[in-house]
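Structure, as structure tokens:
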Amino acid sequence: MTKSELIRRLAERYPDLYLSDLERVIDTVFDEITKALARGDRVELRGFGAFSVKKREARTGRNPRTGSAVQVRAKTMPFFKTGKLLRDRLNGKQVDKNAEDKF
Amino acid sequence: MTGRTITRADLSESVYATVGLSRSESGDLVEAVLDEMSDAILREGGLKISSFGSFAVRSKKERVGRNPKTGVEVPITPRKVLVFRASHILKKRMNEGNE
């Protein structure tokens with residue numbers, strides 16, 4: 001499934017809302033998650049999962065083709081951990097979709 | 001780096017402020033987005049969000065694990081796991097300013 005299909009699904013649930021508004025809802029959700037991660041914040045969405053930030057130290061890497069040393073800057077990487085509810089649903093466990101989730 | 005934790009409440013507040021729907025509608029919509037995302041992952045085994053990243057279900061075979069405390073070998077049953085791969089745009093936006 002892609003973002004445009006996600007918008008279409010949402011439109012089926014909310015036939016009274018404008019498609020352009022639904023598109024903005026979805027864009028806002030992912031934009032806010034991105035901004036939070038850029039600030040170094042964690043995003044916890046119970047039942048779905050959590051996004052966190054991992055730091056990678058600067059290191060001396062090597063160009064695999066030439067073997068020459070190159071400096072790799074310190075950087076941050078996003079990391080996703082699946083929520084318990086979604087993980088259990090993936091593995092066919094009977095779960096109450098509205099139950100409290102734990103990480 | 002503020003070290004906060006963002007939740008559904010923050011996302012619905014942003015939707016409320018940006019889109020101009022009511023607070024309760026905004027909250028419902030955030031919930032609906034997450035719900036549709038979960039359903040798509042379960043139904044189709046994946047979900048791609050352009051300029052954000054993609055989610056994919058991977059099947060893991062059975063393997064031998066070990067209780068790290070007791071050293072006792074235990075089989076780890078076959079299972080499905082969800083992996084997230086960030087798009088280069090997300091990675092770039094996270095590292096802006098220190099390049």
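Naming convention: chains lettered A, B, ... in sequence-line order (proteins, then strands); numbering from 1 in each chain. Just so we're clear, the structure is a prediction, and the values are computed from it rather than from any experiment.
- One finds the CG atom of B:L34 at 5.5 Å from the CG atom of A:L45 (value rounded to the nearest 0.5 Å).
- Counting heavy-atom pairs closer than 4.5 Å to chain B, the top residue among A:R24, A:E5, A:M1, A:E32 is A:M1.
- The line from CZ of A:R42 to CZ of B:R4 is 13.5 Å long, rounded to the nearest 0.5 Å.
- At a threshold of 4.0 Å, the pair A:K35-B:D10 does not count as salt-bridged, since none of the basic side-chain nitrogens sits closer than that to a carboxylate oxygen.
- Looking at A:Y14, only its side chain comes within 4.5 Å of chain B, counting heavy atoms on both sides.
- In this structure, the separation between CG on A:L17 and CD on B:E25 is 5.5 Å, given to the nearest 0.5 Å.
- For B:E44, the part lying near chain A is the side chain, with the backbone staying farther off; criterion is any non-hydrogen pair under 4.5 Å.
- Contact annotation for B:R85: neither backbone nor side-chain heavy atoms come within less than 4.5 Å of a heavy atom of chain A.
- Contact of B:V33 with chain A is made through backbone and side chain together, with heavy-atom distances under 4.5 Å.
- Taking each heavy atom of A:D41 and B:G3 in turn, the nearest pair found is OD1-N, 3.2 Å.
- Contacts of A:L90 with chain B are made by both backbone and side-chain atoms, with heavy-atom separations under 4.5 Å.
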Could you please spell out the steps behind the side-chain hydrogen bond (donor to acceptor under 3.5 Å, both in side chains) verdict for A:E44 and B:T5?
CA-CA 7 Å; A:E44 205 171 282; B:T5 297; 5.2 Å; no
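- The existence of a salt bridge linking B:D39 and A:R9 is excluded, since no basic side-chain nitrogen approaches an acidic carboxylate oxygen closer than 4.0 Å.
- Counting heavy-atom pairs closer than 4.5 Å to chain A, the top-ranked of the candidates B:A17, B:S26, B:A32, B:A40 is B:A32.
- Contact tally against chain B (heavy-atom pairs below 4.5 Å) for A:D27, A:I7, A:V29, A:L10: the top residue is A:L10.
- Counting heavy-atom pairs under 4.5 Å between each of B:T7, B:V30, B:I49, B:L11 and chain A puts B:I49 at the top.
- Only the side chain of A:N91 comes within contact range of chain B, with at least one heavy atom under 4.5 Å from a heavy atom of that chain.
- Here A:R13 pairs with B:E36 in a salt bridge; the nearest charged N to carboxylate O distance falls below 4.0 Å.
- Crowding of A:E57 atom CD: a count of heavy atoms from other residues, nucleotides or ligands under 6.0 Å not exceeding 12.
- A 6.0 Å sphere centred on NZ of A:K3 holds more than 12 heavy atoms belonging to other residues, nucleotides or ligands.
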A:F51 and B:F84: CA distance, side-chain angles, deciding distance, side chain to side chain contact (heavy atoms under 4.5 Å, CB included) verdict
CA-CA 10 Å; A:F51 296 91; B:F84 172 69; 4.0 Å; yes
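- For the pair B:N95 (side chain) and A:K75 (backbone), a donor-acceptor distance under 3.5 Å is absent.
- Between B:F55 and A:F80, a ring centre-to-centre spacing shorter than 6.0 Å is recorded.
- With a 4.5 Å cut-off on non-hydrogen atoms, B:V81 touches chain A through its backbone but not through its side chain.
- The two residues A:A38 and B:R93 come nearest to each other via the heavy atoms CB-O, 3.7 Å.
- B:I89 does not touch chain A: none of its heavy atoms, backbone or side chain, sits under 4.5 Å away.
- Between chain A and the options B:I41, B:L29, B:L21, the largest number of non-hydrogen pairs under 4.5 Å is found for B:L29.
- One finds the CG atom of A:L37 at 9.0 Å from the CD1 atom of B:I6 (value rounded to the nearest 0.5 Å).
- Checking side-chain atoms of A:R46 against main-chain N and O of B:R8 turns up no donor-acceptor pair under 3.5 Å.
- Ring-plane geometry between A:F30 and B:F52 is classed as tilted, the angle between the planes lying from 30 to 60 degrees on a 0 to 90 degree scale.
- Remark: A:R59 CZ is loosely packed, at most 12 non-hydrogen atoms of other residues, nucleotides or ligands lying under 6.0 Å away.
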